[in-house]
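Report on the structure given below.
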Amino acid sequence: MSGSEQQRQRTGAQPLFVLSEDTERTKGEDAQTANSQAGRAVAESVRTTLGPNGMDKMLVSDSGDVVVTNDGKTILEEMDIEHPAAEMLVEVAENQAEEVGDGTTTAVALAGKLLDETESLLMDDIHPTTIIQGYREALSQAQQTIESLTLDVELDDDHLRQVAQTSMTSGGVGGLTPEALAGLIIDAVRAVRRGDGIGRDALAVKAQPGRVASASRLVDGIVREFDVAGIEHPGEVTDASIAIIDTDLESPETDIDADYQFDSTDQFSAAVQAEEQRLREYAETIANAGADAVFVTGDIADTTAGALSGDGVVSFENVDTSAANDIAALTGAETVARVEELDGDAIGTADSVAIEEYDEQLTFIEGGAGGSAATLFVRGGTEHALDELERSVESGIDTVAAAIESEAVIPGGGAAEIAVAKAVRETASSFEGREQLAIEAFADAVESIPRTLARNAGTDPIDALVELRAANTEGTAGLIGSKADIADPVERGVIDPVSVKSEAITSAAETATMISRIDDVISASWPGRHSGSTHPLPCCDAEVLILE
Ligand code: ADP
Ligand code: MG
């Protein structure tokens, strides 16, 4: 019996171990402070990227991979964030991206600022419950104000173009002008319109470096990197009949280790010939079924590929299942499990299947009978800027889709936030003392968006706020363009979809509320908790830029 047990027995005290020894526990104000600070640190890391004058971040991984981006969600995903409260903010960005496709930086910056306000309120001895109630009132007022700021217009092409441009001027689009892309984006979204909704999943973006932006085009179908089988192939097949086969077109022997005993060379060459014959028959069956382009999920033997191209059939091997499904939906082809099952019914059609050489070899399948997909093929920019260009176009597409679906837009450039903050501040006076402070704090947090737009443009945020408050009635003044001019965003064509704004404010408020409600952090062992000097979180340092 150990000394301490003897002592406990003597004193009669019964120790009660509920948690394992490894468990770390932070309670009360310490927990709240640490969580707020972690959240704030995350928000701080994306703040400088907000708006048309936002800076890019260069994120370098352990293996030296470089990502240059100013997209909030991408930055947070690339960062190796381990603090649980900080992770909740990353989820805000992910959720925002998933729900509306844009406004990720706004949502995270806002959540971080709210946590900052929460911390000050806690220090002033305001109870978390009062803070949460205040935030709830403020959020409801904010939502009402956003509704009321909705522009009373029927959305036409000009509006949609402005929505796309507003979304893209803030992202990097390489050397491309957002104007050039906006028209294409609108056409692309229209191409996948399904009744009242948008078939967003049917619309892909594929960017290729070089050439001028005017070479960008909307492809009525899909663009992929496929392995072309065989050495020779017709570069393009028009009025294509398409077959999809879900198997290997190889000799079965190549898959297994088999020993063959031959009594004579005649017997051997007969066997080889039989095999060759079989491989050629695959090609014959495919050609007889009327196909002139065939997509095979497995390998295609050289003999078969050669015979196919001899018959004028272009063949693709190692096509993954999801691509095969896309081709089936696009062309109306039916995937068969064996070559022998191929008949007229299984054959789909497309206007053309074309193989084009870029930095990579791309296959364009256009004008499919099923007509289920479109691809925005974007040229321009350099290799490094390509991913960012794709992200930016994707976000332009999402924003236009959100505007069409919700049929509602709102003034951008921080004008909406100024109006929301004003309305929220006005309601504050009708509430009891302490709750009032929380409501005002919420208004301050919302105003951090125009404040940040001003700071990122290099103008004085306090002067800008004062001027904006004076000039702004109902969202009529925002900070526009590269010089952050105080102007009417609608006149200058800076508009955002309502859903982007309301989702950002709502999810920021909900997450900040959730984090503020936590007063006890019981952590088993999250990775990195004991990793020492390289990881200053969870306790209070604002440095979270640690990459994988
Ligand atoms: P988020 O990830 O939140 O979308 P962005 O960096 O895209 O962050 O910035 C979006 C904000 O920038 C919105 O408030 C939008 O209204 C504003 N904005 C976009 N273009 C302009 C512009 N030309 N002038 C002023 N503000 C703009
Ligand atoms: Mg944006």
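Numbering of ligands and ligand atoms starts at 1, following listing order. Computation of the quantities below employed the complete heavy-atom set of this structure, encompassing side-chain atoms and omitting hydrogens, waters and symmetry-equivalent molecules.
- Between G39 and L89, the shortest heavy-atom contact is O-CD2, 3.3 Å.
- With a 4.0 Å cut-off on non-hydrogen atoms, V500 does not touch ligand 1 at all.
- Side-chain contact between H83 and E87: absent, with no pair of heavy atoms (C-beta onward) separated by less than 4.5 Å.
- Among all heavy-atom pairs drawn from L155 and A403, the shortest one is CD1-O, 3.4 Å.
- Ligand 1 is never approached by G72 to a heavy-atom distance shorter than 4.0 Å.
- Residue G51 places at least one N or O, backbone or side chain, under 3.5 Å from an N or O of ligand 1.
- Near L50, the atoms of ligand 1 lying under 4.0 angstrom from a non-hydrogen atom of the residue are 3 (O), 6 (O), 8 (O), 9 (O).
- Close contacts between ligand 1 and D102 involve ligand atoms 4 (O) [criterion: under 4.0 Å to a heavy atom].
- A salt bridge is absent between K73 and E91; no separation between the charged side-chain nitrogens and carboxylate oxygens falls under 4.0 Å.
- Taking every heavy atom of T105 and a limit of under 4.0 angstrom, the matching atoms of ligand 1 come to 1 (P), 2 (O), 3 (O), 8 (O).
- For the pair T363 and E225, the minimum side-chain heavy-atom distance is 4.5 Å or more.
- Contacts of D496 with ligand 1, taken as heavy-atom pairs under 4.0 Å, involve the side chain alone.
- Each of the following atoms of ligand 1 lies closer than 4.0 Å to a heavy atom of T49: 6 (O).
- Interface atoms of ligand 1 facing T104, defined by a heavy-atom separation under 4.0 Å, are 1 (P), 2 (O), 3 (O).
- Of the possible donor and acceptor atoms, none in the side chain of E440 sits under 3.5 Å from a partner among the backbone N and O of R425.
- The side chain to side chain donor-acceptor pair (under 3.5 Å) pairs that include a residue from residues 450-471 are E447-R469, where partners are two or more places apart or lie in different chains.
- Not a single heavy atom of G54 sits less than 4.0 Å from an atom of ligand 1.
- Ring centroid separation for the pair F377 and Y358 comes in under the 6.0 Å cut-off.
- Between K501 and ligand 1, a contact under 3.5 Å exists for at least one N or O pair.
- Set against the non-hydrogen atoms of I480, the atoms of ligand 1 under 4.0 Å away are 24 (N), 25 (C).
- Under 4.0 angstrom from ligand 1, there are no non-hydrogen atoms of I449.
- Under a 4.0 Å criterion applied to the non-hydrogen atoms of L479, ligand 1 contributes the atoms 24 (N), 25 (C), 26 (N).
- At distances below 3.5 Å, at least one donor-acceptor pair connects side-chain atoms of D488 with backbone N or O atoms of V490.
- The shortest heavy-atom distance from Q165 to ligand 1 is not under 4.0 Å.
- Donor-acceptor pairing under 3.5 Å is recorded for the side chains of S167 and S395.
- Where the criterion is an N or O separation shorter than 3.5 Å, residue side chain and backbone included, S167 fails it with respect to ligand 1.
- Counting backbone and side-chain atoms alike, D102 contributes an N/O/S atom closer than 2.8 Å to the Mg ion (ligand 2).
- Some N or O of G103 is nearer than 3.5 Å to an N or O of ligand 1, by distance alone.
- Remark: the backbone N or O of F442 is not paired with any side-chain donor or acceptor of E117 at under 3.5 angstrom.
- At a heavy-atom cutoff of 4.0 Å, ligand 1 is contacted by the side chain of V494 but not by its backbone.
- For a threshold of 3.5 Å applied to N or O pairs, the pair formed by G481 and ligand 1 contains at least one separation below that value.
- The shortest N or O to N or O distance between E417 and ligand 1 is not under 3.5 Å.
- Ion pairing between a basic and an acidic side chain is recognised when a charged N comes within 4.0 Å of a carboxylate O; D71 and K57 show no such pairing.
- By the 4.5 Å heavy-atom criterion applied to side chains, V378 and Q208 are not counted as neighbours.
- In the vicinity of G412, heavy-atom distances shorter than 4.0 Å reach the ligand 1 atoms 16 (O).
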